[in-house]
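Below is one structure; the comments refer to it alone.
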Amino acid sequence: MGEDDVALSPTTRNLIDEIGTIEKRALEELEAVSSQQELEEFRTRYLGRKGLLTAVLRRLGELPQRERPAVGQRANALRQKLEEEITHRDEALRREALARTLEREQLDVTLPGLPFRRGTLHPLTLALREIVDIFAGMGFSVFESREVETDEMNFVFLNIPPGHPARDMQATFYVNPEVVLRTQTSPGQIRGMRTYEGRLPVRFIVPGRVYRRDPADVSHHPVFHQIEGIAVDRDISFRNLVWVLEEFARKFFGPDTRIRLRPSYFPFTEPSADMEVSCTICRGKGCSVCKYSGWLEVAGAGMVHPVVLRNGGYDPAEVTGFAFGMGLERLTMLKLGIDDIRLFYSCDTRFLSQFA
Amino acid sequence: MKVPWKWLTEYCRSPWSVKETAERLTMVGVSVENVVHDSFEGKGLVTAKVVSVSPHPERPGLSVGFVDAGGRTYTVVSGAPGFKPGVVTAFAPPGSKIPRKGSQKKQGPGEDGSSRSDSETFEVVARDIHGVLSEGMVLSVNEILTGEGPRPGEDIVIFPEGTASGLPLDEFLDLDDYVFELELTPSFSHCLSIIGVAMELSAISGVPVRLPQTLASWSFLDPAGSRQAEDDRSAGAHESKGQRGMIEVVLEDPDLCPYYAGKTILDVKWGYSPIEVERRLYLAGMRPINALVDATNYAMLETGQPLHAFDLDKLTGGIIQVRLSRPGESIMTLDGVLRELPPESLVIADARGPVAIAGIMGGKETEVSEATRNVFLESAWFNPKSVRATSVRLGLRTEAEIRFEKGVDPTAQVACVERAAELITRVSGGKPVPGWSQARAAKPPRRKSMLDLGYLEKVLGKSIEKDRVAGALRRLGFSVLDKGDGLEVSIPPRRVDVAGQVDLVEEVARHLGYGNFQGQPLKVTVSPKVPAGVIYKERVRDLLRSLGGSEVMTNSLCGPDDIAAMGWEADDPRANPVKLENPLTSDESLLRTSLLPGLLKGLETNKRYKAAGAIIWEIGTVFFPSKEELPLEKLQLAIAASGTLAPKTWNALPLEADFYYMKGLVQSLLGGLGVEDVVVEKRAGMPFHPGKSCKVLSNGVTLGETGEIHPVVLEKYDLDRRTALAWLDVEALRAMSREPRYQPVPRFPRVERDLAVIAPEELEVGAIERLVKREAKHLVGFRVFDLWKGSPVPAGKKSIAFSMTFGAPDRTLTDDEVTSEIEMIVKKLEQELNVTLR
């Protein structure tokens, strides 16, 4: 008790003592509170309208005027302190209660969730989307062309006149002597070019189904898909073709993929090339898939033959172009390690559900 | 085309290993698909000298002799005429092994990735021959190379005098070899010959080609000079006319055969080819026949010019006519098949009729045989299209045909027939009659092309010095003249694939190697366009994926059974598909008119794999005959589901492929595509169940059909479970799809009210929904949440409970407003539909 207190009136001193007692008791009691309900009772007991501390405040009037502030401050300080303590206590109690609730609420998480059915896209669709994106990145539009074609579109306009030995390279299904199931997406080159009506640059791909009169086996199917590509402009060169094929191979098969072009023959391109990529299975070391050569053939390509340019409405003296064609099934098989082309047409959901 | 390594390198020595040579050839376009190591599989076979021979004590015709196999002497029994003292022959002692070539060849990868060709062997043992123990066998060529016995009239091998005894046979004969299996594109027909390949090898390596003397003046070495040589020789032909063995040649159709040369060889001796020739023929994929035929085949493999040997004495009338077949003519070909000649087939005929199908196969009657003494060799140029057409019509392809249909060197006939004659006289003796029985209707054109270096640079994207371009072409056998702004290039006659400038560009590029052309980015940037139809199709795919089910792709070809199974009326366009003229099988003889048959088979597949159920869908083209030249192609979408799509689990009911599943799927899809005002009309056509199916329409346009499968159709498939189908016309969907447009999000609360009603059992809930929508001004949602038939609902009635959501865009609806709408609904339901509140 300080110097000033000595001068206080006895009533005041009593009251101050009483505040001290209340504080001591209150803190002890609060310690014992173990539920929300007890806490509420505690609050009422001390801070309620008829509470102990409230009663002290009411008695301030009995004190001499000048001693009132000091006592009032003490009483208010205690009130504030108790309110804070109550808040803390309240939070602690809630935490405990929540912890008990959570402890009670336990599920068997090993039981399965609701059986949502996830749909899947065909692996060829997924691969084709990727391919379309890759070529779009190099400025290639998409052109879809018909599947049943005239002999003229499928062969003659592509520099394969009747009796040409190249007709042997592709076993053809005929609807009648003038109408065929397209053996290649290449007639799309002519149809697509013509839609440009002479405008430059021409740059598009033609994805779609093609037909060959080959019985189905692990690597053949009478129906399969190709992606044709063509670019025509004033100064398109063989080196541009090399770049496009390299870009494609790296993006589709991975950045370490190397490509190799070797001379080949297609009536509608010249020079013509077969495109090979370093084996996706053995990375070029040699394995049964690449027949120990380290290389896999994935596309045919070349510079568009002047005859084809003319048939597409372009003057070969003015423009040059390149074209390429690849088998979607083969690309997909090599990328995903699928060993039988017939799986694509099997409808077997055990196969189809593997790809997303 | 199979190219034995030793044969090839006889004409052009390779500076590289076998493997590297193959790779380098491949990189210039002579595609070596496979390198086969063909080593001699026999073991312990040696050369041996016959020391003495005496008659077999028991058997006349057999001899017993002692052979010296280099240090050891064996007793051998043989009936061969050549089994005489002093002869050095091939000998298989007991314990040695002879390969059986006829046995199944096994091919497997060897070291360096080359294949190895293995054959089985059989072991030679000492055996008693009529009382004499024969310790091994003396061998004929056929026994060494095939393991089979000697052929009729075949003697044992007789090696040159002075050959040592005891030499291992495979080393002595140098039998180990590699074979390049070429996969040639049509532009590489000049490599359908060993020399053709040798010239490509020479072009890459710079090692000159060495040719047999007879061929050295052949045109390909120098296109300009050689023709001169040939012309000189043709001049000599006239002098020999009238000589014995000369034949008059008449070319009736000069377009199809402008040039024909025949060579006569008199007094040949019948026999078989020496072992090295037979071995090479085997390696090159041809079967040795006899020395005469082998010589023509050997020369063909060597030069690419097919040749044919006639028995001169079997040709009638001293005349050869090259003409078109006449109606009703037929010929028995070498293979023993009597063939009716298709009209317009080019034939070689004598005074009696056809003796060969030109460029394809000779006739049996005039073939060379053991009795042949005089031979007439044919070397001609036949029109490729004509040969090919006849071959296609006959269904007959031969080594000769393959070469003629691609086009052979039109200047090589004389040189090549001389080469064959040389080979024949070497083995079979005989006297070649000087000159040729020949006719020429036209001179082969001299072919030239200009090569503009600017064009070359434009196409290849790289400037190449004139000297390098000219050098490359010269190495490939072209002759080149510098004409200032371009090169004038003479094309060797054998390069029938090269016609113009663009072909020369390719020659230069492949000779320099495609690998020397580095990638160069496209200069111009273009923003790519994807057609709206393609984008839409992909959107449909994404939606279908989100709705479950697996995308499939099925065959666009189907069969009559697939169409019949659907049960369509005869006049339904889907029952009248486009037919293929030349299907592989009946099952793939039609173009599909619907995706459903393919999907039903897909469901069968999954059932076979014991899947409890499956949902599959496809977007693909269907085809219909049209009045235009080309059939109509339409894009269709179809979905098929069967069985239990999601099994019962501890917390979920099973999901079955029923009508409502499929309808819900279709509705969700249409919703996602923004197709508005969708209505269904009961009863779709086949293959749907009439009571459990509906048409789907929007604004009066039929989009497709959905429902469960007709039981009659289901029976045709191995499904035996609940199956639901749907098909939609993708173009119609697209036409009815609206692009999403923003609608303000409702700002005022909505009110939900439920009604439970009793309705006549046959009343469609759709009728109630339509009425509610018509009557309620502020209805924004309608949902049926309960349906009940049976107790306590009276018979003939059903109980329906539905929930309606009301709302207004500009205010909160009052209770009174909603209530009055509901009262109106209740009243109208009762009045119009006999539906009462429960």
Side-chain angles (χ1 to χ4, degrees), chain A residues 111-112 114-115 117 119-122 124-125 136 138-142 144 146-148 150 163 165-166 173-176 179 201 203 209 213 215 222-223 231 233 235 237-240 242-243 246 261-265 270-271 273 286 292-293 303 306 320 344-350 352-353, chain B residues 26-29 109 113 185-187 385 388 405-406 458-461 502 505-506 509-510 514 517-522 524-526 528-530 534 541 544-556 578 580-582 584 588 602 605-606 609 611 614 616 621 630-631 633 646 649 652:
Chain A
L111 276 170
L114 276 176
R117 238 199 122 91
T120 57
L121 289 181
H122 197 280
L124 294 178
T125 297
M138 294 186 274
F140 286 83
S141 296
V142 174
E144 287 197 336
R146 43 179 313 126
E147 296 176 30
V148 185
T150 58
F173 282 119
Y174 283 88
V175 171
N176 63 50
V179 176
R203 210 180 290 176
R209 284 190 180 204
R213 201 172 170 277
V223 180
D233 207 346
D235 55 356
S237 77
F238 189 72
R239 291 180 57 200
N240 295 140
V242 173
W243 177 77
E246 272 171 352
L261 297 183
R262 50 182 230 198
S264 186
Y265 173 76
E270 183 136 26
Y292 301 92
S293 71
M303 300 304 290
T320 48
F344 290 122
Y345 297 91
S346 68
C347 297
D348 186 343
T349 52
R350 298 171 308 174
L352 297 167
S353 59
Chain B
T26 300
M27 293 315 288
V28 296
T185 62
S187 61
K385 278 185 189 159
R388 187 180 130 86
E405 77 156 41
K406 304 270 160 33
K458 192 162 119 179
V459 172
L460 297 180
V502 67
V505 170
E506 178 172 76
R510 76 176 177 93
Y514 284 179
F517 296 90
Q518 279 194 337
Q520 189 174 52
L522 286 162
V524 185
T525 22
V526 186
K529 291 183 201 71
V530 180
V534 174
R541 285 199 161 104
L544 281 166
R545 165 158 69 172
S546 74
L547 294 169
S550 305
E551 185 186 14
V552 297
M553 295 197 186
T554 65
N555 202 331
S556 320
V578 176
L580 296 183
E581 209 171 50
N582 60 337
L584 274 171
E588 296 179 347
T605 302
N606 284 291
Y609 296 140
I616 55 179
T621 311
L630 291 171
E633 297 184 3
T649 62

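Proteins get letters first, then strands, A, B, ... in listed order; numbering begins at 1 in each. Keep in mind the model is a prediction, meaning the values are calculated, not measured.
Using a 4.5 Å cut-off between heavy atoms, B:Val524 touches chain A through backbone and side chain atoms alike. Looking at A:Ser293, neither its backbone nor its side chain comes within 4.5 Å of chain B, counting heavy atoms on both sides. In this structure, the portion of A:Pro201 lying under 4.5 Å from any heavy atom of chain B is its side chain and not its backbone. Heavy atoms closer than 4.5 Å to chain A are found in the side chain of B:Thr649, but not in its backbone. Residue A:Ser353 does not touch chain B at all, counting heavy-atom pairs closer than 4.5 Å. Looking at A:Glu246, the atoms closer than 4.5 Å to chain B (heavy atoms on both sides) all sit in the side chain, from C-beta outward. Looking at B:Thr605, the atoms closer than 4.5 Å to chain A (heavy atoms on both sides) all sit in the side chain, from C-beta outward. If you measure heavy-atom distances from A:Pro112 to chain B, the contacts under 4.5 Å come from both the backbone and the side chain. For B:Ile616, the part lying near chain A is the side chain, with the backbone staying farther off; criterion is any non-hydrogen pair under 4.5 Å. With a 4.5 Å cut-off on non-hydrogen atoms, A:Phe173 touches chain B through its backbone and its side chain both. Both the backbone and the side chain of A:Leu121 come within contact range of chain B, each with at least one heavy atom under 4.5 Å from a heavy atom of that chain. Only the side chain of B:Val534 comes within contact range of chain A, with heavy atoms under 4.5 Å apart. When heavy atoms are compared at a cutoff of 4.5 Å, B:Lys385 approaches chain A solely by way of its side chain, counted from C-beta outward.
Between the side chain of A:Arg213 and the main chain of B:Asn582, a donor-acceptor pair closer than 3.5 Å is present. Looking only at distances, no side-chain donor or acceptor of B:Asn555 sits under 3.5 Å from a matching main-chain atom of A:Val223. B:Asn606 contributes no side-chain N or O that, together with a main-chain N or O of A:Asp348, makes up a donor-acceptor pair within less than 3.5 Å. Judged by distance alone, with hydrogens and angles left aside, the side-chain atoms of B:Glu633 form a donor-acceptor pair with the main-chain N or O of A:Val148 at under 3.5 Å. Judged by distance alone, with hydrogens and angles left aside, the side-chain atoms of A:Arg203 form no donor-acceptor pair with the main-chain N or O of B:Pro528 at under 3.5 Å.
Rounded to the nearest 0.5 Å, atoms CZ (B:Arg541) and NE2 (A:His122) are 9.5 Å apart. A:Ser264 contributes atom OG, which lies 11.5 Å from atom CZ of B:Arg510 (distance to the nearest 0.5 angstrom). Here CD of B:Gln520 is found 10.5 Å from CH2 of A:Trp243. Values are rounded to the nearest 0.5 Å.
For A:Asp235, the side chain to side chain donor-acceptor pair (under 3.5 Å) criterion is met by B:Lys523, not counting sequence neighbours. Among residues two or more places apart in sequence or in another chain, the side chain to side chain donor-acceptor pair (under 3.5 Å) test is passed with A:Arg239 by none.
If you tally non-hydrogen atom pairs under 4.5 Å between each of B:Ala614, B:Gly602, B:Ser556 and chain A, the highest count goes to B:Ser556. Put simply, of B:Leu584, B:Leu580, B:Val552, the one with the most heavy-atom pairs under 4.5 Å next to chain A is B:Leu584. When each of A:Leu352, A:Val179, A:Thr349, A:Thr320 is checked for heavy-atom pairs under 4.5 Å with chain B, A:Thr349 comes out on top. For the set B:Leu522, B:Val530, B:Val505, B:Val578, the count of heavy-atom pairs under 4.5 angstrom toward chain A peaks at B:Leu522. Heavy-atom pairs under 4.5 Å with chain B were tallied for A:Ala136, A:Gly286, A:Ser346; the largest tally goes to A:Ala136. Here A:Asn240 is the residue among A:Asn240, A:Asn176, A:Val242, A:Leu114 with the most heavy-atom pairs under 4.5 Å with chain B. For the set A:Met138, A:Glu270, A:Glu144, the count of heavy-atom pairs under 4.5 angstrom toward chain B peaks at A:Glu270. Among A:Tyr345, A:Tyr174, A:Phe344, the residue with the largest count of heavy-atom pairs under 4.5 Å with chain B is A:Tyr174.
The environment of B:Gln518 atom CD is sparse: at most 12 non-hydrogen atoms of other residues, nucleotides or ligands sit within 6.0 angstrom.
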Just do the side-chain contact (heavy atoms from CB on, under 4.5 Å) check on B:Glu551 and A:Thr125 with the steps written out, would you? CA-CA 9 Å; B:Glu551 185 186 14; A:Thr125 297; 2.8 Å; yes
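Side-chain contact between B:Val459 and A:Pro271: present, with at least one pair of heavy atoms (C-beta onward) separated by less than 4.5 Å. No side-chain heavy atom of B:Val526 sits under 4.5 Å from any side-chain heavy atom of A:Ser141.
Taking all atoms of both residues into account, the shortest heavy-atom contact from A:Leu261 to B:Met27 is O-CE, 3.4 Å. Taking both residues in full, the closest heavy atoms of B:Glu588 and A:Pro222 are given as OE1-CG, 3.6 Å, listed atom of the first, atom of the second, then distance. Of all heavy-atom pairs between B:Pro631 and A:Arg146, the closest is O-NH2, 2.6 Å. Nearest heavy-atom pair across B:Ala646 and A:Arg117 is N-NH1, 4.5 Å. Of all heavy-atom pairs spanning B:Ala652 and A:Pro115, the tightest one is CB-CD, 3.7 Å.
Judged by distance alone, the side chains of B:Thr621 and A:Arg209 never bring a donor and an acceptor atom under 3.5 Å apart.
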